[in-house]
Protein chains: 2
Amino acid sequence: MLAQTGLSKRQLRVLEVIREYSEEYGYPPTIREIGELVGITSTSVVSYNLNVLQNKGYLVRDRDISRGLRLVDGLDDHESPADGEGELAEFVSIPLLGAIAAGIPLPVPESNAMLADAESIRVAREMIGSPRDVYALQVRGDSMIDALINDGDVVLMRHQQTAENGDMIAAWIKDEKATTLKRFYWEPGRTSVRLQPANPLMDPIYVHPANLDIQGKVIGVIRRLG
Amino acid sequence: MLAQTGLSKRQLRVLEVIREYSEEYGYPPTIREIGELVGITSTSVVSYNLNVLQNKGYLVRDRDISRGLRLVDGLDDHESPADGEGELAEFVSIPLLGAIAAGIPLPVPESNAMLADAESIRVAREMIGSPRDVYALQVRGDSMIDALINDGDVVLMRHQQTAENGDMIAAWIKDEKATTLKRFYWEPGRTSVRLQPANPLMDPIYVHPANLDIQGKVIGVIRRLG
DNA sequence: TTATACACGGAACAAATGTTCTATGTCAAG
DNA sequence: CTTGACATAGAACATTTGTTCCGTGTATAA
């Protein structure tokens, strides 16, 4: 019945009470006030349920801070770019197109529809420069540790087929059927390009240009931890 | 000059601080926090000025209630968010307090004033959860490669002296006089804690708790590339 | 000059408020 | 039946946080 949200009736009520109280008073309720409103007699139980709600992502608490909680932005509409005002936005939404892993080709932006439908992440504009052709991928697996990129990291990519010396690129190595993230160096006189891991302790690999499909340039990495 | 509003410079600053704080945290500041932010050393003076502002109609106070104040909807107002309630900022500014490197202790936030003065970076709120006690440091050197963190990366920290199992922490190892970033594990029955590099290929180290000064928890990493 | 309103600082205080700890009851899995 | 995760209650505790009171300095008006 309530399986929809995964929240108990009481927890839903707690959220409702916080919302109503905040709207009425302009600041959030204390745990005792929540208790009174919901009908919980013990402060520890209120705190317990608030922690549950926090773990499920419905609110955020600040330890030891009176009234230190806030609801996290609901799912509902969540987009209201109506800020406008003429200037360019300070923050941009980047479409999250899928995953990147060693053994699979990485998704690239194709249709506008796929960009519109995708989940998105938001970053400060100065993080990426121009948002043109920028998209995001989530890393799966440990295969990119040589690039100092961990399982779960989000990489910000600029879609392009070429690269300049020193660019960190995402590329498909055809004969190995593998995706890799490395710095690109083309050394005149050589027939192959050098792909250099970000980790200075690791050795480069050399591949023939014809064996390399450049998918884009890595312009940023974002890692979220606990 | 300020006769226009009938408010002193200090009072204008108080209003500004309340507005900014509320947008950042989702609840109003305490009088002590206002004092720190504005530069008023006595809580009674903050309270005094809040009462003045209330009498002039700029805000409303609730007696004996922690954080019991709210701004009265000003006319002037540069913002017309049209949304209605959610006055929460979607992005927050994080103070960049300096550098983190292997051989030096890392800067930690102390006064609220120092946070206000520092350079800052801006991130989406969902990147950090609560902005409370969060600050940023720029990595200098290759010493944190075992944590998959590169020279130049920005790490987002939450300042705290304790840690839970699995947290990635920044800590000072006293006898080595070194800063390190590792995952923290306390195994019951052992006298030392295990510090595990993010890179699964690398070995953990074990240190005695008394030899460890936890400086904070790493909650995010941001890397910008060409 | 003196008086008075205003603004500020510091310290002590009391109330508000979050946390921790122990105990109890339920329910499903083993 | 026993175990363990989950949810609850109550009380003691520690910290956070608003209030009060006394003293100081500085204007401006009488």
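Convention: sequence-line order gives letters A, B, ...; per-chain numbering from 1.
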Considering only heavy atoms, which members of residues 14-22 of chain A lie under 4.0 Å from some atom of DNA chain C?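 Of all residues in residues 14-22 of chain A, none places a heavy atom under 4.0 Å from DNA chain C.
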
Under a 4.0 Å heavy-atom criterion, the protein footprint on nucleotides 17-28 of chain D, written with B, S and -, is BBBBB-------

Only counting residues at least two apart or in another chain, list the ones meeting side chain to side chain contact (heavy atoms under 4.5 Å, CB included) with [X].
X: B:Arg10; value: B:Ser8, B:Val38, B:Ile40, B:Val45, B:Asn49
X: B:Glu164; value: B:Asp167
X: A:Ala136; value: A:Ile94, A:Leu96, A:Ile121, A:Val154, A:Leu156

Contact list for residues 197-218 of chain B, test side-chain hydrogen bond (donor to acceptor under 3.5 Å, both in side chains), sequence neighbours left out: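 Sorted result for residues 197-218 of chain B: B:Asp175-B:Asn211.
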
For B:Tyr21, ring pair (Phe, Tyr, Trp, His ring centres under 6.0 Å) partners two or more places apart: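 With sequence neighbours excluded, B:Tyr21 shows a ring pair (Phe, Tyr, Trp, His ring centres under 6.0 Å) to B:Tyr25, given in chain and number order.
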
Going 5' to 3' along DNA chain C, which nucleotides are the first and last within contact of chain A (any atom under 4.0 Å from a heavy atom)?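 So the contact region on DNA chain C extends C:dT17 to C:dC21.
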
Would you please indicate if the ring centroids of B:Tyr27 and A:Tyr27 are separated by under 6.0 Å?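 So the answer is no for these two rings.
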
Determine which pairs satisfy salt bridge (charged side-chain N to carboxylate O under 4.0 Å, His left out) with at least one residue from residues 128-157 of chain B, sequence neighbours left out, and list them in order.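 For residues 128-157 of chain B, and leaving out neighbouring residues, the salt bridge (charged side-chain N to carboxylate O under 4.0 Å, His left out) pairs sorted by first residue read A:Asp62-B:Arg132, B:Glu33-B:Arg132, B:Asp146-B:Lys182, B:Asp153-B:Arg223.
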
Please name all residues satisfying side-chain hydrogen bond (donor to acceptor under 3.5 Å, both in side chains) with [X], sequence neighbours left out, ordered by chain then number.
X: B:Ser44; value: B:Ser42
X: B:Thr179; value: none
X: B:Arg194; value: B:Glu187, B:Gln196

